[in-house]
A.B. asks: 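Here it is, the structure, as structure tokens.
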Amino acid sequence: MLKFLSIRSFKKKLLFLIWAGSTATLFLVCSLFIFLEISQFNKDLTKHIRVISNFIAEKSAPAIMLNDPAIAEYALLSAVKTEPAIIHAVIYDIKDNVIATYVRSNPDSKKFSIPAPKRNVIFLNDGHLHFFSDISMYSDRIGTVYIRVERHELYKRIQRYGIIVVGIMAVSLLLMTFLSFFLQKFISTPVTALISSAKKVAEKKDYTIRIKKHYNDEFGVLVDTFNEMLEQIQKRDEELRESQGRLKIILESSPNPVIMYNREGHPQYLSPSFTDLFGWTPEELEGSTIPFVPEFDKASSMAKIKIIYETGASLIYKTKRLTKDGRLLDVILSAACIQDAFGKGISTVVNFTDITKTKRLETQLQQAQKMEAIGTLAGGIAHDFNNILAAILGYTELASS
């Protein structure tokens, strides 16, 4: 049943539930009606048979006292012959001997066997009502009367009621089906409109769509809530577009190269200055594994991007990057994480500062400083050597004279 309902449309489910609920209600009401009718029939039948039993007891009591079976049988026959429901009757004396019997002609007559008498009891067995009642005179029990009643009349009533019930259910279901097709529109129409609008929003990403409100009930509240949600999404979408536009202007006007990565480490955006410096175009890096990162730094770069996503921290450090023509540039890399409204990282923005020329100048300056120091040192050594040489020559001349 659940699987059947899960693959049906809302309109069909609604019609099915209305039909099933109406059928169950009608069935319960009709079943209760038949049950009450059966109960009332049994009460009326028992009451009627009790009256007949009392009549038989009153008419047969003298015959039992006089031990006259003929009178007892006449009393029994006069009481039951006009009752087609009574098929067997027996009168017993005080010693449980059979005084008179009555058997109506029917196919079951040959199967009838006289039961042992019981004291004032009524019960149902084999589809028949069995009635035992004491026969008394002057407050003394002098015998027992037994009556066996068939309930064909009840079965006829049940059959008639069954036909009536089936007719009522058929007419009611037809009427309910007609009303269901008409009334279900009040429920299915707003739901269908809501589903249709939700599909259009999901497919076209058009948050300007609004749903027409049909009723001021719970569905009306749902429609108002959905429209309010679309209005908020539309407002946020416009703000996001404006924010993205401003960000794009900032990034494209930045003199420093800028690149944006997704969570997988693939480039999403390249600024024009990035292409100018490194030579790579957005089409060349689309879906790539960042070829401008040297092999010795790829594992470290991916690990740092992961740290930025997980912690939201910014990183600044010196490193090297490859140009498209194979040159290795020295850069200062500053990376920051862009997060959504829930604080989850969605992309990483990396800004590069080319320090290749600066580092080259620093190297040249350091080399010049080293050469200057060597020259100074060499000049001092030469001066000292000249002084020593002059002294030696002076001593030489002195010695010669």
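Hydrogens, waters and symmetry mates are skipped; everything else that's a heavy atom, side chains included, is used.
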A.B. asks: Given side chains that start at C-beta, do those of V98 and I114 come closer than 4.5 Å, heavy atoms only?
C.D. replies: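 Yes, side chains in contact.
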
A.B. asks: For the side chain of S78 and the backbone of A75, is there at least one donor-acceptor N/O pair under 3.5 Å apart?
C.D. replies: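 Judged by distance alone, yes, a pair lies under 3.5 Å.
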
A.B. asks: Got a sec, which residues hit ring pair (Phe, Tyr, Trp, His ring centres under 6.0 Å) with F274, two or more places apart in sequence or on another chain?
C.D. replies: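 F274 satisfies ring pair (Phe, Tyr, Trp, His ring centres under 6.0 Å) with F278, F292, F352 only.
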
A.B. asks: Give a yes or no answer on whether the side chain of S273 reaches the backbone of N256 with a donor-acceptor pair at less than 3.5 Å.
C.D. replies: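 Checking the backbone N and O of N256 against the side chain of S273, a donor-acceptor pair under 3.5 Å is found.
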
A.B. asks: Quick one: do N67 and I99 satisfy side chain to side chain contact (heavy atoms under 4.5 Å, CB included)? Show the steps, please.
C.D. replies: CA-CA 8 Å; N67 194 20; I99 301 299; 4.2 Å; yes

A.B. asks: Determine whether R50 and T46 make a side-chain contact, defined as any pair of heavy atoms from C-beta on separated by less than 4.5 Å.
C.D. replies: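 Yes. Closest side-chain heavy atoms under 4.5 Å.
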
A.B. asks: Provide the full list of salt bridge (Lys or Arg N to Asp or Glu O under 4.0 Å) pairs with a residue in residues 130-142, sequence neighbours left out, each pair given once.
C.D. replies: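 Checked against salt bridge (Lys or Arg N to Asp or Glu O under 4.0 Å) - neighbours excluded - the pairs reaching residues 130-142 are D96-R141, R119-D134, D134-R141.
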
A.B. asks: Tell me if the CZ atom of F226 is crowded by more than 12 foreign heavy atoms within 6.0 Å.
C.D. replies: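 Yes, the 6.0 Å shell around CZ holds more than 12 heavy atoms from other groups.
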
A.B. asks: Any salt bridge (Lys or Arg N to Asp or Glu O under 4.0 Å) involving residues 34-49? Give me the pairs, sequence neighbours left out, ordered by first then second residue.
C.D. replies: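 Non-adjacent pairs meeting salt bridge (Lys or Arg N to Asp or Glu O under 4.0 Å): E37-R157.
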
A.B. asks: So, the side chain of S53 versus the backbone of I49: is there a donor-acceptor pair under 3.5 Å, distance only?
C.D. replies: no

A.B. asks: May I ask you to check whether over 12 heavy atoms, not counting those of I94, lie within 6.0 Å of atom CD1?
C.D. replies: yes

A.B. asks: More than 12 heavy atoms of other residues, nucleotides or ligands under 6.0 Å from CE of M65: is that the case?
C.D. replies: no

A.B. asks: What's the separation between atom CG in L277 and atom OG in S271, rounded to the nearest 0.5 Å?
C.D. replies: 9.5 Å

A.B. asks: Report the distance from atom CZ of F132 to atom CD1 of I122, rounding to the nearest 0.5 Å.
C.D. replies: 11.0 Å

A.B. asks: Give a yes-or-no answer on whether the side chains of H130 and Y146 include a donor-acceptor pair shorter than 3.5 Å.
C.D. replies: yes

A.B. asks: Got a sec, which residues hit side chain to side chain contact (heavy atoms under 4.5 Å, CB included) with D224, two or more places apart in sequence or on another chain?
C.D. replies: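 Applying side chain to side chain contact (heavy atoms under 4.5 Å, CB included) to D224 gives K213.
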
A.B. asks: Could you give the distance from CG (L361) to CD1 (I355), rounded to the nearest 0.5 Å?
C.D. replies: 12.0 Å

A.B. asks: Would you say T275 and P282 make side-chain contact, with heavy atoms under 4.5 Å?
C.D. replies: yes

A.B. asks: Taking side chain to side chain contact (heavy atoms under 4.5 Å, CB included) as the test, write out the residues that go with A100, two or more places apart.
C.D. replies: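 For A100, the residues satisfying side chain to side chain contact (heavy atoms under 4.5 Å, CB included) (neighbours in sequence not counted) are A72, E73, L76, I91.
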
A.B. asks: Before you tell me yes or no, could you show the steps for I332 and T319 under side chain to side chain contact (heavy atoms under 4.5 Å, CB included), namely the whole-Å CA-CA distance, both residues' side-chain angles and the distance that decides it to 0.1 Å?
C.D. replies: CA-CA 6 Å; I332 295 177; T319 185; over 6 Å; no

A.B. asks: For atom CZ of F35, is the number of surrounding heavy atoms from other residues, nucleotides or ligands below 6.0 Å larger than 12?
C.D. replies: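 Open: at most 12 neighbouring heavy atoms sit under 6.0 Å from CZ of F35.
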
A.B. asks: May I have the step-by-step check of side chain to side chain contact (heavy atoms under 4.5 Å, CB included) for H88 and V149, ending in yes or no?
C.D. replies: CA-CA 7 Å; H88 301 115; V149 185; over 6 Å; no

A.B. asks: Determine which pairs satisfy side-chain hydrogen bond (donor to acceptor under 3.5 Å, both in side chains) with at least one residue from residues 322-331, sequence neighbours left out, and list them in order.
C.D. replies: E284-K324, K320-D330, T323-D325, D325-R327

A.B. asks: Can you confirm whether P257 sits close enough to N351 that some side-chain heavy atom of one is under 4.5 Å from a side-chain heavy atom of the other?
C.D. replies: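 Result no, sub-4.5 Å side-chain heavy-atom pair not found.
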
A.B. asks: Output, in order, the C-alpha distance, side-chain angles, deciding distance and verdict of side chain to side chain contact (heavy atoms under 4.5 Å, CB included) for L333 and V350.
C.D. replies: CA-CA 7 Å; L333 186 150; V350 181; 3.4 Å; yes

A.B. asks: With rounding to the nearest 0.5 Å, note down the distance linking CD1 in I64 to NZ in K95.
C.D. replies: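 So the gap between those two atoms works out to 13.5 Å.
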
A.B. asks: Using modelled atom types and a 3.5 Å cut-off, is there a donor and acceptor pairing between side-chain atoms of D297 and backbone atoms of V293?
C.D. replies: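 Side chain of D297 to backbone of V293: no pair is present.
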
A.B. asks: Which distance, rounded to the nearest 0.5 Å, do you find between the CG of N227 and the CG of L230?
C.D. replies: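 Here the rounded value is 6.0 Å.
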
A.B. asks: Answer yes or no on whether K304 is positioned over the face of Y317, meaning its NZ or CZ is under 6.0 Å from the six-membered ring centre and within 45° of the axis.
C.D. replies: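 Judged by the rule (NZ or CZ under 6.0 Å from the ring centre, within 45° of its axis), K304 counts as positioned above Y317.
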
A.B. asks: Would you say the side chain of P294 lies within less than 4.5 Å of the side chain of R321, judging by non-hydrogen atoms?
C.D. replies: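 Yes, close enough: below the 4.5 Å cut-off.
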
A.B. asks: Look up atom CD1 in I147 and atom CD1 in I87, then write down how far apart they are to the nearest 0.5 Å.
C.D. replies: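 Rounded to the nearest 0.5 Å, the CD1-CD1 separation comes out at 12.0 Å.
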
